[in-house]
Amino acid sequence: MWRANPKAWVTRQFFVQWVNLVFGPSVKKYLQENNLPMQALLVLDNAPAHPPNLEDDILEEFKFIKVLYLPPNTTPILSPWISR
């Protein structure tokens with residue numbers, strides 16, 4: 001999914017669209033194809049594009065996705081993919 005705005009930042013609107021149009025359907029398909037329970041956890045840091053109360057904007061068909069926000073300033077400590 002590609003979107004753009006004048007400042008080249010991901011906005012709340014773009015992020016919510018991505019969750020509902022890309023992430024949600026992809027996760028649902030994966031869980032169904034692999035006969036897994038309809039449960040998913042989306043872990044987010046406190047980036048400006050990661051809106052608070054995101055679960056309120058998730059479409060009803062994707063309400064099986066729970067959102068967990070990391071505490072501020074912990075992403076570098078908790079992220080296994082960041083070199084130390």
Side-chain angles (χ1 to χ4, degrees):
M1 181 175 170
W2 187 87
R3 297 281 191 268
N5 70 36
K7 294 185 178 182
W9 282 87
V10 174
T11 64
R12 177 187 178 95
Q13 177 187 6
F14 291 164
F15 191 76
V16 169
Q17 287 177 355
W18 173 80
V19 168
N20 286 313
L21 298 177
V22 179
F23 183 76
S26 298
V27 171
K28 186 173 185 176
K29 180 182 177 192
Y30 177 85
L31 294 173
Q32 289 173 335
E33 287 176 349
N34 291 282
N35 296 316
L36 296 169
M38 267 309 149
Q39 299 175 3
L41 180 64
L42 176 58
V43 180
L44 300 173
D45 63 10
N46 63 337
H50 299 159
N53 305 316
L54 177 63
E55 288 179 336
D56 296 342
D57 295 321
I58 294 176
L59 295 176
E60 190 63 37
E61 66 184 293
F62 307 124
K63 291 293 185 182
F64 63 89
I65 299 170
K66 300 301 175 204
V67 181
L68 172 70
Y69 293 91
L70 296 176
N73 304 315
T74 59
T75 303
I77 298 167
L78 300 173
S79 298
W81 56 86
I82 297 176
S83 301
R84 292 176 207 182

>> D57 vs V19, test: side-chain contact (heavy atoms from CB on, under 4.5 Å). Steps then yes/no.
In response: CA-CA 9 Å; D57 295 321; V19 168; over 6 Å; no
>> D56: which residues meet the side-chain contact (heavy atoms from CB on, under 4.5 Å) condition with it, sequence neighbours left out?
In response: N53
> How would you list, by chain and number, every residue that makes a side-chain contact (heavy atoms from CB on, under 4.5 Å) with E61, sequence neighbours excluded?
Replying inline: K28, L59
> Does L36 have any side-chain contact (heavy atoms from CB on, under 4.5 Å) partners at least two apart in sequence or in another chain, and if so, which?
Replying inline: Y30, L31, N34
>> Can you give me the closest heavy-atom contact between E55 and K66, atom names plus distance?
In response: OE2-CA, 3.0 Å
> Going from CG on L42 to OH on Y69, what distance comes out if it is rounded to the nearest 0.5 angstrom?
Replying inline: 8.0 Å
>> With a 4.5 Å cut-off on side-chain heavy atoms, are V27 and F64 touching?
In response: yes
> Residues two or more places apart in sequence or in another chain: which of them pass side chain to side chain donor-acceptor pair (under 3.5 Å) with N20?
Replying inline: none
> What are the two closest non-hydrogen atoms of I65 and G24, and how far apart are they?
Replying inline: CD1-CA, 3.8 Å
> Can you name the residues that form a side-chain contact (heavy atoms from CB on, under 4.5 Å) with K63, not counting sequence neighbours?
Replying inline: E60
> Among all residues two or more places apart in sequence or in another chain, which pass the ring-ring contact (aromatic ring centres under 6.0 Å, His included) test with F23?
Replying inline: W18
>> Distance check, rounded to the nearest 0.5 Å: L44 atom CG versus L70 atom CG?
In response: 8.0 Å
